[in-house]
Asks: 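Before I ask anything, let me first share the structure, which is written out below as structure tokens.
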Amino acid sequence: MPELPEVETVMRGLAAVLEGRRIVRAETTRPDMRWPFPDRLAQRLTGARVTGFRRRGKYILARLDTGESLLVHLGMSGRLVARPKDGPRVPWMGPTGRFSDARGHNNPPEAHEHLVMETDDGTRIGFVDPRRFGCVDLMPTAEEDRHRLLAGLGPEPLDEGFTPAVLSAALAGKRTPMKAALLDQKVVAGLGNIYVAEALFRAGISPQRLAHTVPGKRAARLVPAIKAVLEEAIGAGGSSLRDYVRADGELGRFQDRFAVYDREGQPCPLCPGPEAGCAGVRRIVQSGRSTFWCPRTQR
């Protein structure tokens with residue numbers, strides 16, 4: 001599932017081509033994805049101008065001049081792809097958000113494209129989701145934070161307000177392993193399996209350590225590690241492992257920088273080698289999901 005850096009990257013790509021544009025046509029090709037589409041979704045989107053974007057955890061919010069916000073969650077396999085209406089099948093979107101290499105080729109809808117929006121400059125946005133675990137909703141912009149999917153989310157890890165003291169308070173009394181605690185979206189919003197593994201490695205904290213033992217000095221190491229990992233991943237356009245691509249169709253590159261995630265049996269970047277008693281990166285299973293870590297450096 002796309003995590004915070006991937007969602008942020010997709011949101012920025014969409015903002016580059018959608019912000020300030022008017023939606024001249026919207027269409028749904030089925031009545032639902034994970035849940036039914038909002039009543040009259042296509043009609044409520046048609047004619048609206050996109051005034052801005054916001055990310056909350058793993059959710060994208062597009063704000064409209066109608067006073068409503070379009071909420072999008074990518075689910076397990078969802079992609080939001082922006083391309084010229086009559087351009088090449090896989091366009092490239094430059095840093096200014098303008099398409100290049102448009103040769104006027106026919107650009108038919110992709111398979112599993114469940115929501116389509118076209119703007120006044122000819123841009124076509126398609127929500128492609130083969131597994132249909134993604135979702136779309138519409139809500140009054142003034143009530144975003146009260147939406148049922150957003151109301152219980154924890155702090156944003158890249159906000160200034162996410163501090164060691166805030167994390168310490170959230171972890172106090174929790175007797176779950178640290179990995180499970182950080183995956184809890186009520187503790188901190190947007191983290192998933194990849195970036196929890198990388199942040200815990202940088203902070204030298206075992207994913208098996210009980211959360212209530214982390215407040216204090218360990219939290220003071222963990223918070224900057226979380227921020228640094230997320231910022232570097234956003235700078236690399238996220239991590240492309242299976243279904244994730246950016247809004248311009250390009251892949252993210254942070255997977256090339258993984259220290260421990262998906263590196264079972266490979267040398268730990270911090271250990272001198274087997275002579276120091278390090279057997280390399282290990283994989284264990286926690287709550288049915290793979291965890292990657294170095295037992296020698298993470299305590």
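The residues of the chain are indexed from 1 along the displayed sequence. Any value given below was found using the heavy atoms of this structure, including those in side chains, with hydrogens, waters and symmetry copies removed.
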Asks: Measure from the side-chain N and O atoms of Q298 to the backbone N and O of S206, and report whether any donor-acceptor pair falls under 3.5 Å.
Replies: no
Asks: Under 3.5 Å, is there a donor-acceptor pair between the E144 and S69 side chains?
Replies: yes
Asks: Using modelled atom types and a 3.5 Å cut-off, is there a donor and acceptor pairing between side-chain atoms of E198 and backbone atoms of V260?
Replies: yes
Asks: Taking atom CE of M117 and atom CZ of F127, what is their separation to the nearest 0.5 Å?
Replies: 9.5 Å
Asks: In terms of the angle between their ring planes, are Y261 and F292 parallel, tilted or perpendicular, with boundaries placed at 30° and 60°?
Replies: perpendicular
Asks: Is there a donor-acceptor pair under 3.5 Å between the side chain of K179 and the backbone N or O of V196?
Replies: no
Asks: Going from CG on L200 to CD1 on I226, what distance comes out if it is rounded to the nearest 0.5 angstrom?
Replies: 7.5 Å
Asks: Under a 3.5 Å distance rule, please check whether E19 uses its side chain to pair with a backbone N or O of G52 as donor and acceptor.
Replies: no
Asks: Quick check: is L191 connected to F162 through a chain of hydrophobic side chains (ILVMFWY, heavy atoms under 4.5 Å apart)?
Replies: yes
Asks: Answer yes or no: is there a donor N or O on one side and an acceptor on the other, between the side chain of Q185 and the main chain of G190, under 3.5 Å?
Replies: yes
Asks: Hydrogens and angles aside, do R63 and T141 bring a side-chain donor and acceptor to less than 3.5 Å of each other?
Replies: no
Asks: Verify the distance criterion only: is there a donor paired with an acceptor across the side chains of R30 and H114 at less than 3.5 Å?
Replies: no
Asks: Is the shortest distance from a Lys or Arg side-chain nitrogen in R55 or E156 to a carboxylate oxygen in the other one below 4.0 Å?
Replies: yes
Asks: Establish, from distance only, whether the side-chain atoms of Q43 and R40 form a donor-acceptor pair under 3.5 Å.
Replies: no
Asks: How about E6 and Y195: does a side-chain donor come under 3.5 Å of a side-chain acceptor?
Replies: yes
Asks: Any donor and acceptor pair, going by atom type alone, linking the side chain of R54 with main-chain N or O of A62 inside 3.5 Å?
Replies: no
Asks: Under the 6.0 Å and 45° cation-pi test, does R148 pair with W35?
Replies: yes
Asks: Distance from L71 atom CG to L61 atom CG, nearest 0.5 Å?
Replies: 5.0 Å
Asks: Can you tell me if R289 uses its side chain to pair, donor with acceptor, with the backbone of V285 under 3.5 Å?
Replies: no
Asks: Give a yes or no on whether L158 and V188 share a hydrophobic cluster (residues Ile, Leu, Val, Met, Phe, Trp, Tyr; joining criterion: side-chain heavy atoms under 4.5 Å apart).
Replies: yes
Asks: Around atom NZ of K174, are there more than 12 heavy atoms from other residues, nucleotides or ligands closer than 6.0 Å?
Replies: no
Asks: Is any side-chain N of the basic residue among R44 and E68 closer than 4.0 Å to the acidic one's carboxylate O?
Replies: yes
Asks: Using salt bridge (Lys or Arg N to Asp or Glu O under 4.0 Å), reason through R83 and E113 one step at a time and then give a plain yes or no.
Replies: CA-CA 13 Å; R83 60 191 190 272; E113 194 171 62; 3.6 Å; yes
Asks: Any salt bridge linking R202 with E232? Criterion: basic side-chain nitrogen under 4.0 Å from a carboxylate oxygen.
Replies: yes
Asks: Using atom types as modelled and distance alone, determine if a side-chain donor or acceptor of R283 lies under 3.5 Å from a backbone N or O of S290.
Replies: no
Asks: Run the salt-bridge test on R34 and D129 with the 4.0 Å N-O cut-off and return the result as yes or no.
Replies: no
